[in-house]
Amino acid sequence: MNLKTIAIIGTIIVWMSTAIFTLDARSLGVVNFFGETVQTVIDPGLHLKAPWPFHVLKRYDRRTQLLVLEPTEAYTSDTKNVVLTPFVLWKVSDPKRFLESLRELEAVQAPLGDVVISRIAAAIGEVSFSDILNTEGAADRILPEDIVSKINQEVEQYGINVELVRLRHIGLPIQNEQSIYERMRAERSRIAKKYRSEGEEEALKIRAKADRDAVEIQANADRDAAEIIAKAEKEAAALYAEQYSQAPDLYQLLIDLEASEATFESGGTFIFDSNERPFSTVLEEQ
């Protein structure tokens, strides 16, 4: 066998090998016959086709793709404009239709972006500006639940399927930011003043109640103290009377001595009548 024959046989083997191809779980395949689709391959594994150039295989990634769209403006129901940055998760669902309409993954951005932006703008037109800026809300609640199904109805012709649509960022146009921020500050200031006013009013109520309680407690304490003192004085008077009845002379002497001690305690010069009590009692004892 000469070299020419070996070369021809080798060429035939290589040419026939182009009829065998494999797909992994991450890929989809479309077999074309001079531009016309003859076979769609979605199952992974080993497959056969006619050798090149009769059949040409076009592979597509079957995994979910991420498309982040450019920021765009939309108007709310009260004609306020906001800047939205959406993103989309999508994948090829019909490789034959995708090949015939778009051919490459990079060509998806324009038609899919137009549909998504149109649907999001329509959804934002049903929402008020205050609802969008509500800090208690979530961005995904702004879009209706059926937005994905409506988008898929329009992009089905491209052989793709949208799985998720979300807003990555919600902002304000630069020319409107300052006025919006000023209104937000004024609103927050109004709310803060309201809370402070309510707090001061409540504090006044608490202080007034505390003052009333203090006056009431003090009055009760004074009343109880007066009752105790009166009771003690009554008991003391009873004791004095009892002691006086038992030894009136001794009792009189002790009372006069206490009075004399109190009189001379501060010092000084005194002029008194020795016949008057309590001094008569003291002089008599001396």
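The closest side-chain heavy-atom distance from Leu167 to Thr85 is not below 4.5 Å. The shortest side-chain heavy-atom distance between Asp78 and Ser128 falls under the 4.5 Å cut-off. A heavy-atom distance below 4.5 Å is found between the side chains of Leu99 and Asn32. Side-chain contact check for Val127 versus Thr76: every heavy-atom pair is 4.5 Å or farther apart.
Counting non-hydrogen atoms of neighbouring residues, nucleotides and ligands closer than 6.0 angstrom, the NZ atom of Lys150 reaches no more than 12 such neighbours. Remark: Glu145 CD is loosely packed, at most 12 non-hydrogen atoms of other residues, nucleotides or ligands lying under 6.0 Å away. No more than 12 heavy-atom neighbours from other residues, nucleotides or ligands sit within 6.0 angstrom of CD on Glu126. By the 6.0 Å contact criterion, CD on Glu198 is enclosed, its count of non-hydrogen atoms from other residues, nucleotides or ligands being greater than 12.
Taking each heavy atom of Ala123 and Pro144 in turn, the nearest pair found is CB-CD, 3.3 Å. The heavy-atom pair separating Tyr60 from Val30 by the smallest distance is CE1-CG2, 4.3 Å. Closest of all the heavy-atom pairs between Phe87 and Arg168 is CD2-CB, 3.8 Å. The two residues Pro71 and Val83 make their nearest non-hydrogen contact at CB-CG1, 3.9 Å. Shortest non-hydrogen contact noted between Gly113 and Leu69 is CA-CD2, 3.7 Å. Smallest separation of non-hydrogen atoms from Leu112 and Leu67: CD2-CD2, 3.8 Å.
By the rule that hydrophobic residues join a cluster once side-chain heavy atoms approach within less than 4.5 Å of another member, Val31 and Leu23 end up as members of one cluster. Hydrophobic clustering, with ILVMFWY side chains joined whenever heavy atoms are under 4.5 angstrom apart, keeps Leu89 apart from Val116. No path of Ile, Leu, Val, Met, Phe, Trp and Tyr side chains, each step under 4.5 Å between heavy atoms, connects Ile117 with Tyr75, placing them in separate hydrophobic clusters.
A donor-acceptor contact shorter than 3.5 Å is absent between the side chain of Thr64 and the backbone of Lys91. A donor-acceptor pair is defined here as one N or O able to donate and one able to accept, closer than 3.5 Å; no such pair exists between the side chain of Gln109 and the backbone of Glu106.
Here the CG-CG distance, from Asp94 to Asn161, works out to 11.0 Å after rounding to the nearest 0.5 Å. A distance of 6.5 Å separates CZ of Arg103 from NZ of Lys58, quoted to the nearest 0.5 Å. Here Ile160 contributes atom CD1 and Trp90 contributes atom CH2; the two are 6.0 Å apart, rounded to the nearest 0.5 Å. Here Leu143 contributes atom CG and Ile124 contributes atom CD1; the two are 6.0 Å apart, rounded to the nearest 0.5 Å. Taken from CZ in Arg63 to CZ in Arg26, the straight-line distance is 5.5 Å, to the nearest 0.5 Å. To the nearest 0.5 Å, atoms CG (Leu66) and CD (Glu163) are separated by 11.5 Å.
Glu156 and Asn152 form no side-chain donor-acceptor contact under 3.5 Å, judged by distance and modelled atom types alone. Side-chain contact check for Asp24 and Ser27: at least one donor-acceptor pair (N or O, by modelled atom type) lies under 3.5 Å.
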| request: Kindly determine whether Glu201 and Arg196 satisfy salt bridge (charged side-chain N to carboxylate O under 4.0 Å, His left out), including the steps that lead there. | output: CA-CA 9 Å; Glu201 181 180 357; Arg196 281 195 292 268; over 6 Å; no
| Please walk me through it: do Val88 and Ile151 pass side chain to side chain contact (heavy atoms under 4.5 Å, CB included)? | CA-CA 11 Å; Val88 187; Ile151 291 174; over 6 Å; no
| request: Give the C-alpha distance, both sets of side-chain angles, the deciding distance and a yes or no for side chain to side chain contact (heavy atoms under 4.5 Å, CB included) between Val148 and Leu164. | output: CA-CA 7 Å; Val148 173; Leu164 181 70; 5.7 Å; no
| Test log, rule side chain to side chain contact (heavy atoms under 4.5 Å, CB included), inputs Glu235 and Lys231 | CA-CA 6 Å; Glu235 293 177 354; Lys231 182 179 179 181; 3.4 Å; yes
| task | Could you check Asp211 against Arg207 for salt bridge (charged side-chain N to carboxylate O under 4.0 Å, His left out), going step by step and ending with a plain yes or no? | result | CA-CA 6 Å; Asp211 292 341; Arg207 293 191 189 99; over 6 Å; no
| message | Assess the residue pair Ile170 and Ile142 against the criterion (side chain to side chain contact (heavy atoms under 4.5 Å, CB included)); give the C-alpha distance rounded to whole Å, side-chain angles, the decisive distance to 0.1 Å, and a yes or no. | response | CA-CA 11 Å; Ile170 302 176; Ile142 298 174; 3.3 Å; yes
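Salt-bridge check for Lys96 with Glu100: passed, with a basic side-chain N closer than 4.0 Å to an acidic carboxylate O. A salt bridge links Glu187 and Arg190; the closest N-O separation between the charged side-chain nitrogens and carboxylate oxygens is under 4.0 Å.
Aromatic rings of Phe98 and Tyr158 (six-membered ring for Trp) have centroids beyond the 6.0 Å cut-off, not under it.
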